[in-house]
2 protein chains.
Amino acid sequence: MDNIVEIVLAEDEPSLGQIIKESLETRNFKVHLAKNGEEAYALYSSISPKLLVLDVMMPKKDGFTLAKEIRLEDDTIPIIFLTAKSQTQDVVEGFTIGGNDYLKKPFSMEELIVRINNLLHRTRTQQNSEALTVGKYTFDFPKQTLTFEDESHQLTHREAHLLFHLIKNKNQVLDRSMILKKLWGDDDFFNGRSMDVFITKLRKKLKQDDAIQIINVRGFGYKLVC
Amino acid sequence: MDNIVEIVLAEDEPSLGQIIKESLETRNFKVHLAKNGEEAYALYSSISPKLLVLDVMMPKKDGFTLAKEIRLEDDTIPIIFLTAKSQTQDVVEGFTIGGNDYLKKPFSMEELIVRINNLLHRTRTQQNSEALTVGKYTFDFPKQTLTFEDESHQLTHREAHLLFHLIKNKNQVLDRSMILKKLWGDDDFFNGRSMDVFITKLRKKLKQDDAIQIINVRGFGYKLVC
DNA sequence: TGAATCGGTTAACACTCGTTAACACTGGTT
DNA sequence: AACCAGTGTTAACGAGTGTTAACCGATTCA
C-alpha cells in the first residue's frame, strides 16, 4: 500500500542536485538524478516515476520543453519546475496548469517537500492500471500482456512500449523520429531499422484480428488503425 | 493447531448473505449468518468469532453502530465493512482504523477472501509487523513468511529482502545495480547472477497467484506487477 | 523507365537472463 | 570429529531479447 515514491530530478548543477537528492531521500523518496533534459527523459521512460522535479534552465533540453514532451504521454504526472529569478512570472505561470507547480530559486528544502506531498496526495486517488483495447485484443501495458479471446501472450519490453504508443495515438500517424527518441533515445539509422523489425513483430502478433493494421506512412511513421 | 476459523457475517439481503456464506465455507471458514445488527451481536456474544463481516446498512442496528459496541468489549477483533456505493469515502475511512477494513459493493469473493486472510494473519502476528500484500499473498517481512490462503512458507533472508524491495517498488522498475548494491554490497557479475537465481526462486514461490508477475526489463532491472 | 530510397522481412549474431544443479560455507546435532 | 540441513554462490547450458546485416519489393521522382 505504501510504495516508495520514485522521483526523477533534473538539475544541471551537480552539487545542488546532490543536495536535493539527499534531502529527499531522507524523506523516503527514491530520487533519480539527471543532469540534463535528455537524461531526465530517459529516466522518466525507463522508471515511470510518480513525480518529476525539473530545473527550467538546463543544457540539452530545458525543463519546459521536456515537460511538454512528457505531457504528450502522460497528462497527469505531477511536475515541479525549479525556476531562476530571471524567469518572468507569466511564462512560468503558463506552465502551472495541469499537474504542475513551480518553485523559485533559492528555495528551502521544506518548501519543496511540502509541494511534493501536496501534488502526490492530489493524484493518489486515481490509478493507472486501465486495460487498453485494440480491436478484439486487450492490452495490459504494465503487465506487458496481449490477450486475444482466451489466449494471453507476453510481450517484451520494447514490443510493449511500442504498442503502447501506437495505441495511445490510434488512428493518428506516430512520428518516426519521435518514437525513436522516446524509446531508443536517439534517431539513427540502426535504431530505425530495429524499430522496423519490431513493427513486423507486432504485426504478426496482432494479425488474429484482421481489422487491425499498422500502416506505414512513408517518410513519416506508422499509424495503427482498427 | 489451525482450528477452523469462525466468522460472523451480517447481511440483510438473504440471497447475497447466503452466497457469501457458501463461498467462504468452501475456503474452510465456518460462517454464522445474521440478517441484522442485533442478531449479529447475539452471535458475536455467544460464539466469539475470529472476525466479523458487517454490512453497513442493515435494519435494527447498522454495521457502524454495531462495530462501536463490539469495540467496547474487544478492540482487536478484525471487522470488515461492506459498504454501498453511496457511502461517502471519509465516513468509511474513519472506521478503518484499528482492526477494520472495508469493501465497496459490488465486490468479488476473491477480494473478500484476500482481506479476511490479511486481517487474520495480521492479528496473529500482532502489531510488531505490518503485513505487506502481494496479490493474494501476505508477506511478513520481519518473520520472513509468505502466506497464501492458509499455507505459510518460510523465506530465506535473501529471498525476503529481495521480495521486500520488489513490493516496496510495486509496479515500478527496480534498478538492477541499485538492488545489488543494497543487498549484496556490490554490483559485479557474480552477484548479478546470484540475484537472477533468487528472482527465479521468488517466481516459483509466487506462482500460485498468476496475477503476480516479476517482469524483467532488459538491462534495467525487474518489476513486480500485480 | 531506371535510379534512388524507404520499408518489410528473415536470419545471424551478441548479449542478457532463466534455470538447474553442483559446490562451498555455516551452524547445529549426534 | 563426523554428520546433516539449510543457505547462498558459482558454473554451465539453454532460451529469450534486441541489434545488425542482408536481400528484396514497393514507392517516388527525375
Side-chain angles (χ1 to χ4, degrees), chain A residues 42 45-46 143-146 152-166 173-207 210 212-225, chain B residues 143-146 152-166 173-207 212-225:
Chain A
S45 296
S46 60
K143 290 193 179 171
Q144 301 181 188
T145 51
L146 187 62
S152 275
H153 276 284
Q154 191 71 18
L155 298 186
T156 73
H157 189 238
R158 280 250 190 274
E159 287 169 345
H161 270 257
L162 185 52
L163 181 55
F164 176 74
H165 287 291
L166 283 165
V173 179
L174 189 57
D175 184 64
R176 215 183 146 79
S177 84
M178 171 175 294
I179 203 69
L180 279 168
K181 283 184 192 144
K182 242 169 205 158
L183 298 197
W184 275 263
D186 189 23
D187 171 8
D188 66 16
F189 172 76
F190 291 115
N191 289 339
R193 296 325 325 275
S194 196
M195 171 170 154
D196 294 333
V197 172
F198 278 97
I199 290 290
T200 299
K201 288 178 180 173
L202 285 180
R203 280 181 179 137
K204 270 186 194 164
K205 298 198 173 181
L206 289 171
K207 76 179 165 198
D210 51 2
I212 300 173
Q213 288 187 61
I214 300 177
I215 296 176
N216 171 257
V217 182
R218 190 182 166 90
F220 280 97
Y222 293 98
K223 182 167 71 165
L224 182 143
V225 296
Chain B
K143 292 197 173 175
Q144 300 182 190
T145 52
L146 186 61
S152 274
H153 276 283
Q154 192 69 19
L155 298 186
T156 73
H157 188 242
R158 280 252 190 269
E159 287 169 344
H161 270 257
L162 185 52
L163 181 55
F164 176 74
H165 286 289
L166 283 166
V173 178
L174 187 57
D175 184 64
R176 215 182 146 80
S177 82
M178 171 168 297
I179 202 68
L180 279 169
K181 282 182 193 145
K182 226 168 210 159
L183 298 197
W184 274 264
D186 189 23
D187 171 8
D188 66 17
F189 173 77
F190 290 114
N191 289 340
R193 295 327 323 278
S194 196
M195 171 170 155
D196 294 334
V197 172
F198 278 97
I199 290 289
T200 298
K201 289 178 180 174
L202 286 180
R203 280 184 179 134
K204 270 186 195 164
K205 299 199 173 182
L206 289 171
K207 75 179 166 197
I212 301 173
Q213 290 187 59
I214 300 178
I215 294 177
N216 170 257
V217 181
R218 190 183 166 89
F220 276 97
Y222 292 98
K223 181 169 71 166
L224 182 144
V225 297

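Sequence lines set the chain letters: A, B, ... in the order given, protein chains first and strands last, and positions in each chain run from 1.
- Heavy-atom distances to DNA chain C give each of Gly221(B) and Val197(B) a nearest nucleotide, and the one nearer the 5′ end belongs to Gly221(B).
- For His157(B), the listed nucleotide lying nearest its side chain is dG8(D); candidates were dG8(C), dT19(D), dG8(D).
- Considering only heavy atoms from C-beta on, Leu166(B) comes within 4.5 Å of Ile199(B) through its side chain.
- Atom C1' of nucleotide dG18(D) and atom CG of Leu202(A) are separated by 13 Å, given to the nearest angstrom.
- For the pair Asp175(B) CG and dT16(C) C1', the interatomic distance rounds to 15 Å; values are reported in whole Å.
- When side chains are defined from C-beta on, Ile215(B) counts as touching Gln154(A), because their heavy atoms get closer than 4.5 Å.
- Distances from the side chain of Arg176(B) to the nucleotides dT9(C), dT9(D), dC17(C) place dC17(C) closest.
- Rounded to an integer number of Å, the gap from Asn191(B) CG to dA11(D) P is 13 Å.
- The separation between Lys207(B) atom NZ and dG18(C) atom C1' is 13 Å, rounded to whole Å.
- As rounded to whole Å, 11 Å separates atom P of dT19(D) from atom CG of Leu162(A).
- OP1 or OP2 of dG8(D) lies within a sub-4.0 Å distance of a side-chain N or O belonging to Thr156(B).
- At a threshold of 4.5 Å between non-hydrogen side-chain atoms, the residues Thr145(A) and Gln213(B) count as touching.
- To the nearest angstrom, C1' of dC25(C) lies 14 Å from CZ of Arg158(B).
- OP1 or OP2 of dT9(D) has at least one side-chain nitrogen or oxygen of Trp184(B) nearer than 4.0 Å.
- For Tyr222(A) and dC6(C), the shortest distance from a side-chain N or O to OP1 or OP2 is not below 4.0 Å.
- Residues His161(B) and His157(B) have side chains that bring a donor and an acceptor to within less than 3.5 angstrom of each other.
- No option in Asp188(B), Asp196(B), Asp187(B) other than Asp196(B) meets the salt bridge (Lys or Arg N to Asp or Glu O under 4.0 Å) test with Arg176(B).
- Nearest to the side chain of Arg193(B), among dG8(D), dG18(C), dG18(D), sits dG18(C).
- Here dG8(C) presents its P atom at 11 Å from CD1 of Ile215(A), a figure rounded to the nearest Å.
- Picking from dA11(D), dG8(C), dT20(C) the nucleotide with the shortest atom distance to the side chain of Thr200(B) gives dT20(C).
- Distances were taken from every side-chain heavy atom of Ser194(A) (C-beta onward) to each of dG7(C), dA11(D), dT19(D); the shortest belongs to dT19(D).
- Using a 4.0 Å heavy-atom criterion, one finds that Gly192(B) contacts no nucleic acid atom at all.
- For dA11(C), neither phosphate oxygen OP1 nor OP2 lies less than 4.0 angstrom from any side-chain nitrogen or oxygen of Lys201(A).
- Which of dG8(D), dG7(C), dT16(C) sits closest to the side chain of Arg218(B) comes down to dT16(C).
- Nucleic acid contact for Asp196(B): base, since at least one base atom lies under 4.0 Å from a heavy atom of the residue.
- Side-chain proximity of Arg203(A) to dT27(D), dT9(C), dG8(D): nearest is dT9(C).
- In this structure the side chain of Leu163(A) never reaches within 4.5 angstrom of the side chain of Lys205(A), judged on heavy atoms.
- Among the nucleotides dT9(D), dG7(C), dT9(C), the one closest to the side chain of Asn216(A) is dG7(C).
- When the P atom of dG7(C) is taken as reference, atom CG of Asp187(A) falls 11 Å away, rounded to whole Å.
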